[in-house]
Amino acid sequence: MDFHPAYPVLTRRLLLRPVTAADVQAVVAYRSIPEVCRFVPFEPMDRETVLAKLSGPWATAAITAEGDSLLFGVELAEIGQVIGDITLFFRSAEHRTGEIGWVFHPDRSGCGYATEAAHAVLHLAFDEMQLHRVVARVDSRNDPSLRLCRRLGMREEAHLIENEWFKGAWGDEIDFAMLEAEWARQHAEGSGLPGPLFAALPRPDR
């Protein structure tokens, strides 16, 4: 595997790209909110934590081996600011399996940005990385993410009951998945998702 995305990945309204030091304030603005972090596997982050991530796991710009991951900052083109991020994990080389996860600023909910960005990352996973299967693991109480998985056309495969002691309580996990054949069929039939996802969109002036 040697996957180097051509940055920025452009959609109708968004630019997906690596997060940089210039984005720290924007990232802290949503990753520091307790409610945003309630159902995800990290605690609220301050500036120092985000800076440490930038020089650590978020510094990867390519996937070359099993276990690698890419974090895409999701920039809203009209304002030139990161409003969320999506991570693509390469889970298995043998089985060509990936996993997707996301976090967005709650002030930007209800506009379809998360759907648009996640759909673009699925394009990368299936059409460029040629993965066979992509999964998403969601806390059963995380209604926005459950709805997002369904909007993307992912299938609910399992509901794991109290499978994990998570942030002070037993939590249920709902697992979603999509296969490459399902992805191809979805696009052959027309998905109704935002598009064209890779339209020519100039980077806004800073």
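Position 1 is the first residue of the sequence, and the numbers go up from there. Just so we're clear, the structure is a prediction, and the values are computed from it rather than from any experiment.
In this structure the side chain of Thr115 reaches within 4.5 angstrom of the side chain of Leu152, judged on heavy atoms. Side chains of Leu71 and Ile86 form no contact here, defined as non-hydrogen atoms less than 4.5 Å apart. Ile174 has its side chain within reach of His159: a pair of non-hydrogen atoms, C-beta onward, lies under 4.5 Å apart. Side-chain contact between Leu122 and Val134 is present, with at least one heavy-atom pair separated by less than 4.5 Å.
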**OP:** Start with the C-alpha gap between Tyr113 and Leu14, add the side-chain angles, then the distance that decides, and say whether side chain to side chain contact (heavy atoms under 4.5 Å, CB included) holds.
**Re:** CA-CA 8 Å; Tyr113 297 133; Leu14 309 170; 3.9 Å; yes
**OP:** For side chain to side chain contact (heavy atoms under 4.5 Å, CB included), just list the numbers for Glu75 and Arg17, CA-CA rounded to whole Å, side-chain angles, deciding distance to a tenth of an Å, and then say yes or no.
**Re:** CA-CA 8 Å; Glu75 177 184 321; Arg17 56 169 179 77; 2.6 Å; yes
Subject >> side chain to side chain contact (heavy atoms under 4.5 Å, CB included) between Val74 and Val82, intermediate numbers included >> reply: CA-CA 5 Å; Val74 179; Val82 169; 5.6 Å; no
**OP:** Begin from the C-alpha positions of Phe176 and Arg137 and carry the test side chain to side chain contact (heavy atoms under 4.5 Å, CB included) through to its verdict.
**Re:** CA-CA 6 Å; Phe176 291 84; Arg137 299 183 300 150; over 6 Å; no
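Taking both residues in full, the closest heavy atoms of Ala61 and Leu70 are given as C-CD2, 3.4 Å, listed atom of the first, atom of the second, then distance. The two residues Thr87 and Ser69 make their nearest non-hydrogen contact at CG2-CB, 4.0 Å. Nearest heavy-atom pair, Ala117 versus Leu16, reported as atom, atom and distance to 0.1 Å: O-CD2, 3.7 Å. Nearest heavy atom pair, residue Ser32 against residue Pro44, reads O-CB, 3.5 Å. The shortest non-hydrogen separation linking Phe166 to Arg141 is CD2-NH2, 4.2 Å. Here the closest non-hydrogen pair linking Ile100 and Ala118 is CD1-O, 4.0 Å.
Proximity of a side-chain donor or acceptor of Ser145 to a complementary backbone N or O of Asn142 within less than 3.5 Å is not detected. Between the side chain of Asp68 and the main chain of Thr64, a donor-acceptor pair closer than 3.5 Å is present. Side-chain atoms of His95 never come within 3.5 Å of backbone atoms of Thr97 as a donor-acceptor pair (strictly under, hydrogens ignored). A donor-acceptor pair is defined here as one N or O able to donate and one able to accept, closer than 3.5 Å; no such pair exists between the side chain of Glu164 and the backbone of Glu173. Proximity of a side-chain donor or acceptor of Lys53 to a complementary backbone N or O of Glu48 within less than 3.5 Å is not detected. Under the 3.5 Å distance criterion, the side-chain polar atoms of Lys167 are left unmatched by any main-chain donor or acceptor of Glu43. Using modelled atom types, no side-chain atom of Thr60 and backbone atom of Ala62 make a donor-acceptor pair closer than 3.5 Å.
Among Arg96, Gln130, Arg133, the one residue that satisfies the side chain to side chain donor-acceptor pair (under 3.5 Å) test with Glu180 is Arg96. Only one option out of Val36, Thr49, Asp85 pairs with Arg31 in a side-chain contact (heavy atoms from CB on, under 4.5 Å); it is Asp85.
In this structure, Arg13 pairs ionically with Glu116, as a charged nitrogen and a carboxylate oxygen lie closer than 4.0 Å. With respect to Arg91 and Glu66, no salt bridge is recorded, no charged nitrogen being found less than 4.0 Å from a carboxylate O.
Residues Met129 and Met154 fall within the same hydrophobic cluster, defined by Ile, Leu, Val, Met, Phe, Trp and Tyr side chains chained together at heavy-atom separations under 4.5 Å. Hydrophobic clustering (ILVMFWY, side-chain heavy atoms < 4.5 Å, transitive): Leu179 and Phe126 are in distinct clusters. Under a hydrophobic clustering in which Ile, Leu, Val, Met, Phe, Trp and Tyr are joined whenever their side-chain heavy atoms come within less than 4.5 Å, directly or via other members, Val19 and Val40 fall into the same cluster. In terms of hydrophobic clustering, with Ile, Leu, Val, Met, Phe, Trp and Tyr side chains grouped at heavy-atom distances under 4.5 Å, Phe104 and Phe42 are assigned to different clusters. Both Val103 and Val24 are assigned to one and the same hydrophobic cluster, defined by single-linkage of ILVMFWY side chains at heavy-atom distances under 4.5 Å.
Rounding to the nearest 0.5 Å places CZ of Phe72 at 13.0 Å from CG of Leu15. To the nearest 0.5 Å, atoms NE2 (His187) and CD (Glu182) are separated by 12.5 Å. From His105, atom NE2 reaches atom OH of Tyr30 across 9.5 Å, with rounding to the nearest 0.5 Å. Distance check: Asp23 CG to Ile83 CD1 gives 12.0 Å after rounding to the nearest 0.5 Å. Rounding to the nearest 0.5 angstrom, the gap separating the OG atom in Ser140 from the CD1 atom in Ile161 is 7.5 Å. Between Arg151 atom CZ and Leu146 atom CG the span is 10.5 Å, to the nearest 0.5 Å.
Atom CD of Glu157 sits in a crowded spot, with more than 12 heavy atoms from other residues, nucleotides or ligands closer than 6.0 Å.
Remark: Glu35 pairs with Ile33, Arg38 by the side chain to side chain contact (heavy atoms under 4.5 Å, CB included) rule, at least two apart or across chains. For Trp170, the side chain to side chain contact (heavy atoms under 4.5 Å, CB included) partners two or more places apart in sequence, or in a different chain, are Glu162, Trp165.
If you look at His132 and Trp183, their ring centroids are not closer than 6.0 Å.
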